[in-house]
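Working notes for the structure below.
Excluded from the calculations below are hydrogen atoms, water molecules and symmetry mates; all remaining heavy atoms, backbone and side chain alike, are included. Per chain, numbering begins at 1; letters A, B, ... match sequence-line order.
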Protein chains: 2
Amino acid sequence: MKNEKTVMLHGIECCEEQEIHTDKVRQVSDLMPPEDQLYDLAELFKAFGDTTRIRILFALFEADICVCDLAELLHMTQSAVSHQLRLLKQARLVNGRREGKQIIYYLADDHVRTIIEKGMEHILE
Amino acid sequence: MKNEKTVMLHGIECCEEQEIHTDKVRQVSDLMPPEDQLYDLAELFKAFGDTTRIRILFALFEADICVCDLAELLHMTQSAVSHQLRLLKQARLVNGRREGKQIIYYLADDHVRTIIEKGMEHILE
DNA sequence: CAAACATATGAGCATTTATTCACATGTTCG
DNA sequence: CGAACATGTGAATAAATGCTCATATGTTTG
């Protein structure tokens, strides 16, 4: 029952020998963006893919806020918030400026708003 | 050195007793979307937050494709692709229609394109 | 109906990830 | 300078995630 199943590895011999599909696969394959762009894109969306970080971003839609106020707002540890802010900063979604003892975080650019807006449109459909 | 640090829990007493910040926190808090929307939004972006799924979506930008061609295109197991398609379907990013023995997947709507485009803009900046 | 094909799915495993805890770094002010 | 405050960070841990393997479901065809 699994003698010639080895042929199925990676689907290379699948879909019979329909040349049509093989052509199609090659065509689509040629149109795919370079690997590193796909990777960066996935990393970007990963940054949006967590409730805590989404909440941070929504907060920053309304005002520039320091870490400790964010912690209070989200009912979370200052440490937890700080860790997440680091990820958001790495994804270039937020920046921080020092104001005395505090560091005030703010949205890096308008892409953040746009992307979240489009996402919101989709879930509210 | 950590006697009165208990006050710091959840940052409730942080930032001294600056009423300004407490007010700000309350104002921003009132403007936050409901919890379930924040959750759904994070779930949506989670669906975009994986290289395999991003690659599937880019492939579907170019053509409607069956599972086994996707597997070949991505050099991945049919099973792995199928698992990811399930997640994409749950996020309502793709749909599948049956055509004979095969199931052809296609993009659910134009939000998918828009969201990825905006993401691409951000990483190419 | 039985065999072949295309896809879906559950369990297991390795990796990633979000939070906590303890502590380091950096700033202000007496 | 030293104490107090605000934030950053490394290690540890529990939970989530992506893939594989085996197998189930569903479709066509002889």
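With distances taken from any side-chain atom of B:A80 to the nucleotides C:dT9, C:dA6, D:dC19, the minimum falls on D:dC19. The B:Q102 side chain lies nearest to C:dT7 when the options are D:dG8, C:dG26, C:dT7.
Taking only distance into account, the side chain of B:S79 meets the base of D:dC21 through a donor-acceptor pair shorter than 3.5 Å. Interface remark: the B:T52 side chain does not form any donor-acceptor pair with the D:dC19 base, using a distance-only criterion of under 3.5 Å. Side-chain atoms of A:Q78 come within donor-acceptor range of the base of D:dG8, with a qualifying N/O pair under 3.5 Å.
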Which is it for B:R26 and A:E72 under the salt bridge (charged side-chain N to carboxylate O under 4.0 Å, His left out) test, yes or no, and what are the steps along the way?
CA-CA 10 Å; B:R26 195 165 299 139; A:E72 179 176 346; over 6 Å; no

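Nucleotides of DNA chain C nearest to A:R53 and A:R98 differ in position, and the one nearer the 5' end is that of A:R53. Each of A:E99 and A:K46 was assigned the nucleotide of DNA chain C with the nearest heavy atom; the assignment lying further toward the 5' end belongs to A:K46.
Contact check, B:T77 against D:dC19: no side-chain N or O comes under 4.0 Å of OP1 or OP2. Residue B:Y105 has no polar side-chain atom (N or O) positioned under 4.0 Å from OP1 or OP2 of C:dA6.
Distance CD1 (B:I103) to C1' (D:dT28): 14 Å, rounded to an integer number of Å. Rounded to whole Å, atom P of D:dT7 lies 10 Å from atom CG of A:L85. At whole-Å resolution of the value, CD1 in A:I65 and C1' in D:dT7 are 16 Å apart. Per the geometry, CZ belonging to B:F45 stands 15 Å off P belonging to C:dA18, to the nearest Å. Residue A:D64 contributes atom CG, which lies 14 Å from atom P of D:dT7 at whole-angstrom precision. What separates CE of B:M76 from P of D:dT17 is a distance of 17 Å, to the nearest Å. For A:L88 and C:dT17, the CG to P distance is 14 Å, given to the nearest whole Å. Rounded to an integer number of Å, the gap from B:L74 CG to D:dG18 C1' is 14 Å.
Both thresholds, 5.5 Å between centres and 30° between ring planes, are met by A:H83 relative to the base of D:dT9, so the two rings are stacked.
A donor-acceptor distance shorter than 3.5 angstrom exists from the side chain of A:R53 to the backbone of A:K46, with no hydrogens or angles considered. Checked by atom type and distance alone, the side chain of B:H111 never pairs as donor or acceptor with a backbone atom of A:E125 at under 3.5 Å.
Under the 30°/60° scheme for interplanar angles, the aromatic rings of B:F45 and A:F45 are found to lie parallel.
Using a 4.0 Å heavy-atom criterion, one finds that A:L87 contacts the sugar-phosphate atoms exclusively.
If you take CG on A:L88 and CD1 on A:I54, they are separated by 9.0 Å, rounding to the nearest 0.5 Å.
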